[in-house]
Every structure is written in structure tokens, then in C-alpha cells.
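Since the structure is predicted, the reported quantities are computational estimates derived from the model, not experimental observations.
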Amino acid sequence: MKRYITNPPFSDSILKTVLFSSRHFASSAATAPLDLEDDIGGFTGASFGGIIQDKDLLRKTPNGLYVLGLIDNGAMDPNATLYNQLLKRCTQLGRLKEGRLVHAHVLNSSYRNYVAVQNSIINMYAKCGSPVEARKVFDEMAERDMVSWTAVITGFSQNDRAQEALGLFVEMLRDGFVPNQFTLGSVLKAATAVGEMEGRQIHAVCLKSGHGDDVYVGSALVDMYAKCGQMEEAKVVFDGLMSKNEVCWNALIAGHARKSEAAIAVRLFSEMKKAGFEATHFTYSSVFAACASIGALEQGKWVHGHLVKSGLKLIAFVGNTLLDMYGKAGSIEDAHKVFDRLVKRDVVSWNSMLTACAQHGLGRETVECFEEMRSRGILPNEVTFLCVLTACSHSGLLEEGLYYFELMKKLKLEPDISHYVTMVDLLGRAGQLGHAEKFIKEMPIKPTAAIWKALLGACRMHKNIDLGAYAAEQVFELDPYDSGPHILLSNIYASAGRLRDAANVRKMMNDSGVKKEPACSWLEIENNVHMFVANDDSHPQRNEVRRMWEKIADKIREIGYVPDTSHVLWYVDQQEREVRLQCHSEKLALAFALLNTPHGSTIRIKKNIRVCGDCHTAFKFVSQLVGREIILRDTNRFHHFRGGSCSCGDYW
DNA sequence: ACACTCAGAC
């Protein structure tokens, strides 16, 4: 067999690579599709003359080794087109090793200085994840054209090396090249990764060179503004595009999804379909993620309907997001159905199902699901254990939690800080405050603010003032601008009757400029989202809503509700505190729901911060009074109120 | 014959 390495005109490093690769493929029966020597044995150059035109030639060995064998054997004369086809093949299949072999062949041929072939080589290295090799070929070229520049810039842009891509772009301009739509598409992607300033500068270049309305450049621009959070500007660019495709629609929709603007994302999805574009898995995934973030169940279901009609398979890529959406929107039943119907489940599918169970306080079911996962031979990962530990923590399964933490380490999975936070939470909620403190002292990584926040939360739950104050001090040190811990500490003092200390924490907060996130609750009725903020008068039905709550409050008092004003911070008299308490956003939302939804239907309310103790009690009484299920989504879990009790068992 | 845009979930 003729070896092409006998008289190498190319550099040592490539030679070594080629030798290595060549041996590798020859010796590895599992990866080499066929033995080159056997495959071409007995044929002569002449008999292969016609095969060069044969479209099946490259298909015989998809990675091109077959053809390289023919060339090696002298059975076939290559030309520039053939090399380009081979390189394209390697690029499409992401075959770096075979690509290097073709590169070596080219260097040994008379086509080594052909710009088009060199460009294909650059492109091959760029797409196969090796921008450095692409750059090396580029640097050694005697002459470069637009395609060379674009290919090498794209190499860095697509391999998360945006700064180098932008650097090359500047060099290109310095060399006198005027960028075209191909270059600008890639450069914009790089600029987007670097920052808003850079993005805007490249936008200016696009406008100057007249490529601003190309659909590729335009999509990249829409994405750039969307990633900066500048949705108005993204929309201006989008509207200015004469011809659109699914990419620019997806970029715009994903931008709104990132900002949790579910209503807009859903509306755009609908407009996209009306305009005649097919929603892809990515489109669905973005829209479901948007619905998940605000718990928009009805809108999510509506889009799910479109997915079913579209005929797209329920693969994990979109199914996992859909499952997550149902979990976060409060329908554990629908989450289960999606899980059952998935074409193929991956570890994330299982993790999402576990998360959904955990969020709904179904600790036992989570553990059962995890055991089923293991019995089916699915390998759990770090996230799996985080789900299980969270479930144990939320359901008070102390022993199980400790067991699974040890199991995790036994399976050689290293707990990260999130697992330690969950363990502190687990121990703390279960009332093992001393154990939790000891756990923190002994953990192998430095405790973060989140660790101390978990301990602080447990101290509030079990009314431990001293340890709570200590934990709060640690949090203030590590994360001074979070209002949550201030409020927690203040509540600890207030519920122990130490109102002066509570007021001091409040004052400290004000002095250091820490702002409390305004509490708000919202619910969805017939595709509209109604939002309520405590003591807020902006809703059109506010007077009706308030009167309704007063009526309800009177009725639940008759069956045992006693307002608990201990968590009201304001240093005001008892009557005023009670008035404030009755205006909490979740109570307003509940009153609104009772006014505007059919009798007997499930009420679903979402809240941006943890539900207050008094509202939790009131909701239990209301569920008994009206005989309806009320599902309240907290920051990280669900409360299902039914018949006077809550699924969390008052353990949250 | 060679170069471009978006991109889910725990």
C-alpha cells in the first residue's frame, strides 16, 4: 500500500497526528468501518475512473476513509472538488480525526494552495470544535479571501471564544475587507456574548454596510437585543425584516421567555403560526419555559394542544420542559401524564418528575419514583440527589434524607454546595438545629450565604432566637443586600414579643438601603393574568375584591379563624395591624378567584415570596368553607388546601 | 467548490 507519509511536505505536528490517527483507525476494528486494503484490493486505477462521478462513493464509508484509501492506493486521482466533498463530509459528521487525515492528504497534493480547499479545511476544524487548528491553517495561508476570514471568525464565535472572534474581525477590517452578511452574522453572535456595547457597535457596522435587513444578520440582531433584555429594540429590528424565518421568530420568543413574559411569548407563538411558520422543538421549549416561570397553566395547555396537533414527537427535548411546566404550574397530574407519554426518558425526565413530586410536597412518592428509576437501571446524577434530598426536606423525611446523602457519596457523586444547603434545611426543619449547626461546622466547603439562610429559616420555624441571630449575622456579612434574611430575623423577634429588636432590624435595613421585595400574588383566568400587590389599589375590581374578602373573613372567623398579627412588621396598633394583614396579596387574589371562577373548580394562585403564616391559616379555613381545592404556589413549593388542611401539613 | 442567525429542562 502506498503511504502518503513518505515525503511529507507538511509540518511535524500534523504528521504525528496523521500517523496516530491512521494507526488508530487501522487497528481499531470497532471504529474502522472496513479494512482499506481488502476493500480496494484487486482494482486498478482505470477501473475506478468512472467511480469519481459516482454519487455513492462517499456513502461507502461515510467518513471518507474509503476514498482516502483509493487515493493512497493510486487507484484514484483526487481533485479540489473531491477534497471539498470529503472535508464537508467530515464537517457534517463532526469527525475531527478523519478531517485531519484529509488535511494531510491535501498537503501532500498539488491542491494545497487552493484557497477554496484551504477554506474548507478551516471550516472543518472550526465546526469540529478546533478553532486553534483552523487559525493555524488561516495564519499560514499566502492569500485569504472573504470566505477564509468568515470561516476562521466563525470558528471562534461558535466555540465560545468571542473575544478572539472580535479581534480577528478588527484585523479583517484593517486588511481592507468589507464584511458581508456571512461575516456579520458570526461577528454579531460573538458580540452578543461579549456585551451590549459591542453588540450595538456591530449593529452600526451592519447598517453602514447595508446588511441590516438580511435575515441572518437580522436574526442575530434580534437575539443580541433580546439577550441584553432590550425587547423593544429587538422588536424594532424584527419588524424591520422584510423576510423572516423561524430563527428570528425563535430569537424573539426566547427573549420574552427569558424575561418570564409568558403572555407575550404565547401571543408571538400564535402570530408565528398565523404567519405560516412552523414552530420547532425550540419554539415549544421556550414557550413552555415561559409558562413554567409564571405558572401559566391554561396558556401552557393551549400551546401543548398545538404541539399535539403539530405531529411533532414528544421527545425529551420538549417533553422535559413540558413536564416541568405542568409541575411548576401546579398540575402534578398532567406532569405525570407527560412523563408516561414521553417517547424516551433521559435522566432529566426523571429528575423533572422527581422535582415535580418534591415541589408538591409528595415526599414518599418522590422516594418511590427514585427507587423505580434505580431499579430500571437509570444512573442518577447530582441533580437527582438534589431532588430527592429536597423532597425529604420538604416532607420531614429526616432518616431518608440522611440515608440518601450517604448513598450519594457511596455512588461517587460529589455533593456540591446546593446539596449541603438542602441538608442544613432538612436537619433544621426537622428541629435538629444543633445537628444542623454541627453539620455546617464540619462540611468540607466554606459555608455560603445560602447555608446560613437555610439555618435562619429553620430558626424562624422553631423560634430559636439566639441561633437565628447568629445565622443572620453570617448572612448579613456574606449577602448584605438580600431583604429576606432581615425580614426573617425581624419576624423571629416579633413572634417572641421582642418588638423593639424587630424594629431595630427594620431600621438597620432602611439605613443600609436594603429594599423589601414587594409581595405579589397572581392568578390566571381565561388566559388573563390578574396580579395583586399588598395594599394595592390598582385592580379595576378592587372594591368588590375587598368587600368579598371582608365577607369571607367574617365567615371563617365563625368557624375558628383567629387572625395572627405577630408577623406584621409595622409598629402600629392592633387594629391597624389587622387591617394590613387582611390586605395581603394572596388574600386579595383568593377573593378575586372566588368572585370570578365557577363553583367547585380548583383555584390556583401564585406568589413571589413565601406565604405568610396567617394567610396559610386563612386559606385552610376558606378551603373548608367553600368546599374547593386551593393550590398556592410559593417561591419553591406548592400548598394544596383541601377540606380545612394543607398538603404541607403545616411543615414548610 | 468554501463562509452566517436561534437553541429547552432538573
Side-chain angles (χ1 to χ4, degrees), chain A residues 79-88 91 111 114-124 126-127 134 144-155 157-158 165 179-190 192 206 211 214-224 226-227 234 237 241 244-255 257-258 280-290 292-293 315-328 338 342 346-359 380-388 390 418:
Chain A
N79 57 31
T81 306
L82 180 68
Y83 279 132
N84 277 336
Q85 284 176 328
L86 284 170
L87 288 161
K88 194 175 177 181
T91 305
Y111 302 100
Y114 275 46
V115 175
V117 176
Q118 288 172 314
N119 289 346
S120 290
I121 293 168
I122 294 174
N123 187 43
M124 181 275 297
K127 296 286 157 54
R144 302 169 185 127
D145 63 10
M146 281 299 299
V147 178
S148 326
W149 280 102
T150 306
V152 73
I153 288 173
T154 303
S157 169
Q158 292 187 348
N180 61 18
Q181 67 272 35
F182 290 94
T183 333
L184 290 170
S186 265
V187 171
L188 268 168
K189 183 186 162 82
T192 303
C206 296
H211 294 294
D214 174 83
V215 70
Y216 281 83
V217 174
S219 299
L221 282 169
V222 169
D223 182 53
M224 186 269 289
K227 290 218 174 100
V237 176
L241 292 176
K244 298 178 171 62
N245 61 14
E246 76 282 355
V247 176
C248 55
W249 279 100
N250 285 350
L252 189 66
I253 292 173
R258 262 179 243 119
T280 64
H281 281 129
F282 290 105
T283 324
Y284 283 106
S285 210
S286 294
V287 178
F288 290 141
S293 65
I315 55 169
F317 189 94
V318 65
N320 292 349
T321 321
L322 182 60
L323 196 170
D324 180 58
M325 186 275 288
Y326 278 126
K328 292 206 175 110
V338 172
L342 275 174
D346 58 18
V347 67
V348 178
S349 314
W350 285 92
N351 291 350
S352 303
M353 194 64 241
L354 291 169
T355 302
C357 290
Q359 282 169 338
N381 61 18
E382 287 85 351
V383 180
T384 315
F385 278 97
L386 187 60
C387 299
V388 175
T390 305
S418 64

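- Residue A/Lys244 is out of contact with every strand shown, counting any heavy-atom pair closer than 4.0 Å.
- If you run side-chain contact (heavy atoms from CB on, under 4.5 Å) between A/Asn351 and each of A/Asn320, A/Thr384, A/Leu386, only A/Thr384 comes through.
- With sequence neighbours left out, A/Lys328 forms a salt bridge (charged side-chain N to carboxylate O under 4.0 Å, His left out) with A/Asp324.
- The residue A/Ala116 sits close to a base: some heavy atom pair falls under 4.0 Å.
- The closest side-chain donor-acceptor pair between A/Thr283 and A/Thr280 falls under 3.5 angstrom.
- In this structure, the ring-ring contact (aromatic ring centres under 6.0 Å, His included) partners of A/Tyr284, at least two apart in sequence or on a different chain, are A/Phe269.
- Residues of residues 349-358 of chain A that place a heavy atom closer than 4.0 Å to DNA chain B, in numerical order, are A/Asn351, A/Ser352, A/Thr355.
- Counting non-hydrogen atoms under 4.0 angstrom, A/Asn180 reaches a base of the nucleic acid.
- Put simply, the side chain of A/Asn250 does not reach to within 4.5 Å of the side chain of A/Ser286, judged on heavy atoms.
- Scanning for side-chain contact (heavy atoms from CB on, under 4.5 Å) contacts around A/Ala290 gives A/Ala257, A/Ala262, A/Ala265, with sequence neighbours left out.
- A/Gln158 comes within 4.0 angstrom of the backbone, heavy atoms only, and of no base.
- Protein chain A contacts DNA chain B from B/dA1 to B/dC10, reading 5' to 3' and using non-hydrogen atoms of the protein with a distance under 4.0 Å.
- For the atom pair A/Lys88 NZ and A/Asn123 CG, the distance stands at 10.0 Å (nearest 0.5 Å).
- At the heavy-atom level, A/Ala257 lies nowhere under 4.0 Å from the strands shown.
- Nucleic acid contact for A/Val115: none, since no nucleic acid atom lies under 4.0 Å from a heavy atom of the residue.
- Listed by chain and residue number, nothing satisfies the ring-ring contact (aromatic ring centres under 6.0 Å, His included) test with A/Tyr216 (two or more places apart in sequence, or in another chain).
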